[in-house]
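These notes are about the structure you will find just below.
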Amino acid sequence: METRQDIVNTLASNLRYLRINTQVEEPMTGKIRFMSQRHLAEFLGISCVQQISKFELGTNQMSATQLYKICKVFGISVDSMFDDLTKSDYKKTIKYDIYA
């Protein structure tokens, strides 16, 4: 049986994996860049970028609302966040202005 910390660690590693395997297309320039923690914080409406870092490190737990928003940004189901996504072939490009 998984402990609470195991679940937090799974969510943390999946969030980092999703972020580093997602690219963001800038609306004005058309440049495609890898998603930064700043991008993700903006998509989620979080003013403090450090919060994303703490989620990815597993030092802070995300709320159910934050988990739902994260899944919407990446286009995945909530239950898939509890599986090991690092074994998947997830790759995605999103337009920055869709969520802004």
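Given the structure is predicted, the values throughout are model-derived calculations rather than measurements.
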Parallel, tilted or perpendicular, as decided by the 30° and 60° cut-offs, for the rings of Tyr90 and Phe74: perpendicular
Flag, side chain of Asn9 to backbone of Asp6, donor-acceptor distance under 3.5 Å: no
Point-to-point distance, once rounded to the nearest 0.5 Å, from SG of Cys71 to CD of Gln66: 12.0 Å
CZ/Arg19: more than 12 non-hydrogen atoms of other groups inside 6.0 Å: yes
Validation row: Lys31, Arg33 side chains within 4.5 angstrom (heavy atoms): yes
Reported CD-to-OG1 distance for the pair Gln23 and Thr93, which is rounded to 0.5 angstrom: 4.5 Å
Leu11 reachable from Tyr17 in the ILVMFWY side-chain graph, under 4.5 Å edges: yes
Side-chain (Asn14) to main-chain (Leu85) donor-acceptor, under 3.5 angstrom: yes
Ile7 reachable from Val78 in the ILVMFWY side-chain graph, under 4.5 Å edges: yes
Nearest-0.5 Å distance that lies between atom NZ in Lys72 and atom OG in Ser77: 13.0 Å
Residue among Leu44, Leu18, Thr22 satisfying side chain to side chain contact (heavy atoms under 4.5 Å, CB included) with Val73: Leu44
Pairwise side-chain contact, Val24 with Ile32, heavy-atom cut-off 4.5 Å (strictly under): no
Any Phe34 side-chain heavy atom under 4.5 Å of Ile20 side chain: no
Distance, nearest 0.5 Å, that separates CE of Met81 from CG of Asp79: 11.0 Å
Minimum side-chain heavy-atom gap Phe55-Gln61 below 4.5 Å: no
Backbone of Thr86 reached by a side-chain donor or acceptor of Asp84 within 3.5 Å: yes
Sidechain-backbone polar pair: Gln51 side chain, Cys48 backbone, donor-acceptor under 3.5 Å: no
Full working for side-chain contact (heavy atoms from CB on, under 4.5 Å) between Leu40 and Leu15: CA-CA 10 Å; Leu40 183 55; Leu15 177 59; 3.7 Å; yes
Side chain to side chain, Ile46 and Ile52, heavy atoms closer than 4.5 Å: yes
Met62 reachable from Phe82 in the ILVMFWY side-chain graph, under 4.5 Å edges: yes
Any side-chain heavy-atom pair of Ser63 and Tyr68 under 4.5 Å: no
Criterion side-chain contact (heavy atoms from CB on, under 4.5 Å) on Met35 and Asn21, from CA distance to verdict: CA-CA 8 Å; Met35 182 183 282; Asn21 284 289; over 6 Å; no
